[in-house]
Novice: 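This structure is in structure tokens; I'll ask about it shortly.
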Amino acid sequence: MRIVADVLVGLIAALHVYILALEMFLWQKGPGRRLHGFDAELARQTAPLAANQGLYNGFLAAGLVWGLVAADPTGFRAQVFFLSCVVVAGVYGTVTANRRILFAQALPGAVALAAVLAAR
């Protein structure tokens, strides 16, 4: 079960690296604009906000990677903390921004968190 949990944590970390790239570097390009259906002007106006969000997603990814490489109990605790942050951020985003975030972020984070706790 530990291997499954580690793979899931790694996938969630990779997802947040992807979100970082999308929000920080691709927001005004095709992938970023298509995500929300923004025209070029709205993407330009919101790019600083998206970059800020992307940075936070990068911190989540870094914390999850730290949880994977740190020895226990620190690694376990880091994974639980950062996966909990992913779930909370996903639920908040679902309520305030877009329902898709529930399935793209909160639910995968919750599954990974359950696997980490079950592997303990």
Side-chain angles (χ1 to χ4, degrees):
M1 187 63 179
R2 180 80 237 154
I3 293 171
V4 171
D6 286 348
V7 167
L8 291 174
V9 171
L11 288 172
I12 299 301
L15 170 66
H16 284 275
V17 169
Y18 171 73
I19 295 170
L20 172 147
L22 189 65
E23 292 177 339
M24 291 189 81
F25 307 114
L26 302 174
W27 192 253
Q28 296 184 66
K29 296 178 175 43
R33 289 182 43 205
R34 280 192 300 274
L35 180 67
H36 293 291
F38 290 168
D39 62 22
E41 180 59 20
L42 187 54
R44 186 192 65 72
Q45 290 174 351
T46 59
L49 298 170
N52 189 38
Q53 290 174 182
L55 185 62
Y56 283 98
N57 279 289
F59 290 141
L60 290 174
L64 292 170
V65 170
W66 173 42
L68 286 172
V69 299
D72 284 336
T74 301
F76 170 76
R77 291 175 182 160
Q79 288 179 27
V80 169
F81 174 77
F82 284 98
L83 286 170
S84 296
C85 290
V86 166
V87 172
V88 169
V91 169
Y92 184 78
T94 298
V95 171
T96 61
N98 190 314
R99 294 182 90 192
R100 292 181 299 179
I101 296 172
L102 178 67
F103 302 103
Q105 182 177 357
L107 185 59
V111 169
L113 178 59
V116 167
L117 293 172
R120 182 72 170 166

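All of these numbers come straight from a predicted model, not from anything done at the bench.
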Novice: Taking all non-hydrogen atoms of both residues, which atom of L22 and which atom of G32 are closest, and how far apart?
Specialist: CD1-N, 3.7 Å

Novice: Cut-off 3.5 Å, no hydrogens considered: what does the side-chain donor-acceptor table look like for residues 56-63, sequence neighbours left out?
Specialist:
{"from": "N57", "atom 1": "OD1", "to": "H16", "atom 2": "ND1", "distance (Å)": "2.7"}
{"from": "N57", "atom 1": "ND2", "to": "E23", "atom 2": "OE1", "distance (Å)": "3.2"}
{"from": "N57", "atom 1": "ND2", "to": "Q53", "atom 2": "O", "distance (Å)": "3.0"}

Novice: Calculate, to the nearest 0.5 Å, the distance between atoms CG and CG belonging to L8 and L15 respectively.
Specialist: 12.0 Å

Novice: Using the rule that two of Ile, Leu, Val, Met, Phe, Trp, Tyr join whenever any of their side-chain heavy atoms come within less than 4.5 Å, decide whether L117 and L68 are in one cluster.
Specialist: yes

Novice: When you group the ILVMFWY residues by side-chain heavy-atom contacts below 4.5 Å and let the links chain together, are Y18 and L11 in the same group?
Specialist: no

Novice: Rounded to the nearest 0.5 Å, how far does CD1 of I101 lie from OG1 of T96?
Specialist: 6.5 Å

Novice: Using a 3.5 Å distance criterion without hydrogens, assess whether the side chain of R99 forms a donor-acceptor pair with backbone atoms of T94.
Specialist: no

Novice: Taking all non-hydrogen atoms of both residues into account, name the closest pair between L42 and D39 and its distance.
Specialist: N-OD1, 2.7 Å

Novice: Between V116 and W66, is there shared hydrophobic-cluster membership here, with clusters defined by ILVMFWY side-chain heavy atoms closer than 4.5 Å?
Specialist: yes

Novice: Provide the closest heavy-atom pair for S84 versus L113 in the form atom of the first, atom of the second, distance.
Specialist: OG-CD2, 3.9 Å

Novice: Please assess R120 against D72 for the test side-chain contact (heavy atoms from CB on, under 4.5 Å), listing each intermediate value before the final yes or no.
Specialist: CA-CA 10 Å; R120 182 72 170 166; D72 284 336; 4.1 Å; yes

Novice: Where do V87 and A106 come nearest, in terms of heavy atoms and distance?
Specialist: CG2-O, 3.8 Å

Novice: Do L26 and L35 sit in the same hydrophobic cluster, where Ile, Leu, Val, Met, Phe, Trp and Tyr count as joined when their side-chain heavy atoms come under 4.5 Å apart?
Specialist: yes

Novice: Check whether T74 reaches the backbone of A70 with its side chain - one donor and one acceptor, N or O, closer than 3.5 Å.
Specialist: no

Novice: Which heavy atom in M24 sits nearest to a heavy atom in A51, and how many Å separate them?
Specialist: CG-O, 3.5 Å

Novice: For Q105 and Y92, run side-chain contact (heavy atoms from CB on, under 4.5 Å): C-alpha distance rounded to whole Å, both residues' side-chain angles, the deciding distance at 0.1 Å, then the answer.
Specialist: CA-CA 11 Å; Q105 182 177 357; Y92 184 78; over 6 Å; no

Novice: Can you see which heavy atom on W27 is nearest to which on A50, and at what distance?
Specialist: CD2-CB, 3.3 Å

Novice: Just list the side-chain donor-acceptor pairs under 3.5 Å for residues 75-83, sequence neighbours left out, or say none.
Specialist:
{"from": "Q79", "atom 1": "OE1", "to": "R2", "atom 2": "NH2", "distance (Å)": "3.1"}
{"from": "Q79", "atom 1": "NE2", "to": "G67", "atom 2": "O", "distance (Å)": "2.9"}

Novice: Once you round to the nearest 0.5 Å, how far does CD of Q45 lie from CZ of F38?
Specialist: 10.0 Å

